Participant: 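Okay, here's the structure, questions in a sec.
Predicted, not measured: the structure shown is a model, and the values here were computed from it. Every number for a ligand or one of its atoms is a count from 1 in the order of the listing.
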Amino acid sequence: MTRIYPHIVVAKFGGTSVADFDAMNRSAAIILADHHVRLVVLSASAGVTNLLVELAAGLESRDRQDKIDTLRAIQHNIISRLKQPEAIGQEIDHLLENISRLAETAASAPSAALSDALVSHGELMSSLLFVEVLRERGVETEWFDARKVIRTNDHFGCAEPVISAIAELAEKQLRPRLEQALIITQGFIGSDAAGHTTTLGRGGSDYTASLLGEALQANRVDIWTDVAGIYTTDPRIVPQAQRIDEISFSEASEMATFGAKVLHPATLLPAMRKNIPVFVGSSKDPSAGGTRVCCNAENPPHYRALAVRRKQTLLKLHSVNAQPAHAFLADMFAILSRHHVAMDLVTTSETSIALILNATGATSGEADTLTTSLLTELSSHCRVEVEADLALVTLIGNALSRAAGICQQVFAGMENHPVRMICHGASSHNLCFLLPADSADNAIKTLHRSLFE
Ligand code: ASP
Ligand code: MG
C-alpha cells in the first residue's frame with residue numbers, strides 16, 4: 001500500500017536571514033505565510049561560524065576572549081528583544097561556556113573533530129533563539145537536534161552524508177513530529193555512527209535542507225538567502241546581471257560547483273534524486289520573487305550564467321621517466337587519491353598532467369590540500385610545479401560542446417586575458433578558463449557583456 005504523505009515544504013534560512021532579531025522576525029513571517037512549511041532548517045547567525053572557525057584554529061587567551069565577547073554580543077542582542085529573555089538567556093550562556101571551554105582545548109590540542117564540535121554551536125544557538133521568536137508570536141514549535149537524523153561519515157570538516165541512514169532516521173524521528181508542530185532544526189551539522197558531531201562543509205545548511213527534503217519526500221525546498229534568486233552572474237561584479245526565473249537542476253548545480261555562492265554545491269543532488277523543486281529567494285524581500293530550480297527548465301539557452309571560483313591552485317606534474325602515458329596517469333592519480341586531494345578539472349598531455357586543486361569548501365580551510373607529505377611523494381615520481389593565486393571563470397550553459405560557433409564567440413571575449421588552462425568537452429554544460437586571480441573580474445565583465453547583455 002502506498003502511503004499518501006501530507007504536503008511538506010522544507011524552508012532553510014541562511015545566516016543573514018537569522019542575523020538579528022529583526023531578520024528572524026522577517027523569516028518568521030515568511031514561514032507563517034505558508035502553512036505547508038513544516039520543517040525549518042537554520043544557519044548560524046551571520047558572522048558566527050567565521051568566529052567559531054577562528055576559535056577552533058586555536059587562539060591565545062586574549063584573542064579568544066575577544067571572539068567570545070563578539071559572539072555573546074550577537075546572541076544577547078537577540079535575547080534582549082525577547083519578551084521573556086531569562087530561560088533562553090541561561091541556555092545560550094551555557095552554550096557560550098561550552099564554546100569557551102572547547103576553544104581553550106583547541107588552543108593546546110586542535111583537532112578536526114574538536115573543531116566540528118565547536119562550530120556546531122552556531123547553529124545550535126540560532127535555532128534555539130528562533131524557536132523563542134516563533135513562540136512569542138504564538139506558534140506551536142519544537143526544537144529538534146539535526147544530529148539525530150543527519151548521519152554522516154567521520155570526515156570532520158566536510159563530512160559525507162549517509163543517505164540510507166538519514167532516510168530511516170528521518171522516518172522514525174522526524175516525520176511523526178511534523179504532524180504535531182512546526183519543527184525548527186539546524187543546518188550544517190550532523191553526527192557520525194559513534195555520535196561525534198560532524199559538519200557538512202562551509203555553507204552546508206542548504207545541503208541539510210535538501211537532504212531532509214529528500215528523506216521526507218518533500219514537495220518543495222525553499223532556500224531563503226539575501227539575494228532574490230540566482231543571477232546570470234554575481235551582481236556585485238556585474239550590476240547588469242539578470243535574475244534567472246527558472247533553471248534546471250544540472251545547470252544550477254554546475255553554477256554552484258563552479259563558485260556561484262547562492263547554493264552549497266551538493267545541495268541539488270538530493271533534490272534531483274527525488275525530483276523536488278528548489279526555490280531560492282530573499283528573506284529581506286520575499287515579494288521580489290526568486291528562482292525556481294527544477295527538473296527541466298523551459299527553452300534552456302546556450303549561455304546561462306558565469307561563475308567564478310577564487311583561490312585556485314594549479315598543480316602540474318611532469319613525467320621524468322620514459323613511462324608510457326597510461327602508466328604515468330595511473331600512478332599519479334593513485335597518489336592523489338590516497339591523499340584525498342580535492343580536485344576537479346584536469347588536462348593531460350603525453351608527459352604532463354595539469355589539475356586544479358579546489359578546497360574552498362571544507363570547514364578546516366584550504367591550507368591542508370597541498371600537504372608536505374603529498375608534495376614529497378609526488379616529487380619522488382615526477383617533476384612538480386605549483387602555481388597559486390588563480391581563479392576559475394566558468395561559462396555555464398547547454399549543449400556547449402556540441403553547438404557550432406560557441407568557441408569562436410566565447411574565445412573572442414577572452415582575447416585579452418592571460419588564460420592558463422581551458423577545460424571544455426567533458427560536460428556540455430560548462431566551459432572553464434583558469435586565469436590569474438586579478439584578471440577574473442574583468443574576464444567576467446567582458447564575457448557578460450558579449451554573451452548576456
Ligand atoms: N553556518 C555555516 C557556514 O557559515 C553553514 C551555513 O551557513 O550554511 O558555513
Ligand atoms: Mg549559504
Participant: Numbering the atoms of ligand 1 from 1, which are under 4.0 Å from a heavy atom of S43?
Facilitator: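 Close to S43: 6 (C), 7 (O), 8 (O).
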Participant: Using the test salt bridge (Lys or Arg N to Asp or Glu O under 4.0 Å), find all partners of D441 that sit at least two apart in sequence or belong to another chain.
Facilitator: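 With neighbours one apart ignored, the set is R310.
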Participant: Near S205, which atoms of ligand 1 are under 4.0 Å from a heavy atom of that residue?
Facilitator: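 Answer, ordered by atom number: 5 (C), 6 (C), 7 (O), 8 (O).
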Participant: What about K12: any of its N or O atoms under 3.5 Å from an N or O on ligand 1?
Facilitator: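 In fact, backbone or side chain, K12 has no N or O that close.
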Participant: Does G15 reach ligand 1, in the sense of a heavy atom lying below 4.0 Å from it?
Facilitator: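 Judged by the 4.0 Å heavy-atom criterion, G15 does not count as contacting ligand 1.
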Participant: If you count the atoms of ligand 1 from 1 in the order shown, which ones are under 4.0 Å from a heavy atom of E123?
Facilitator: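 Numbered from 1, ligand 1 contributes 1 (N), 2 (C), 5 (C).
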Participant: Show your working on side chain to side chain contact (heavy atoms under 4.5 Å, CB included) between L71 and L52 and close with a plain yes or no.
Facilitator: CA-CA 9 Å; L71 282 172; L52 294 169; 3.7 Å; yes
Participant: Determine whether D226 and K284 satisfy the following criterion, side chain to side chain contact (heavy atoms under 4.5 Å, CB included), listing intermediate values before the conclusion.
Facilitator: CA-CA 6 Å; D226 54 0; K284 285 197 181 122; 4.0 Å; yes
Participant: Is the number of heavy atoms from other residues, nucleotides or ligands under 6.0 Å of K172 NZ greater than 12?
Facilitator: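 No, NZ of K172 has 12 or fewer neighbouring heavy atoms, counting only those of other groups under 6.0 Å.
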Participant: How far apart are the closest heavy atoms of E214 and P270, and which atoms are they?
Facilitator: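 Result for this residue pair: OE1-CB, 3.5 Å.
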Participant: Taking T233 for its side chain and L306 for its backbone only, find out whether a donor-acceptor pair lies under 3.5 Å.
Facilitator: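 Yes, T233 side chain to L306 backbone: donor-acceptor pair under 3.5 Å.
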Participant: Do any nitrogen or oxygen atoms of G203 lie less than 3.5 angstrom from nitrogen or oxygen atoms of ligand 1?
Facilitator: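 Yes; the residue has a nitrogen or oxygen that sits under 3.5 Å from a nitrogen or oxygen of the ligand.
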Participant: Show which atoms of ligand 1 fall inside a sub-4.0 Å distance from at least one heavy-atom site of R202.
Facilitator: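 Answer for ligand 1: 3 (C), 4 (O), 9 (O).
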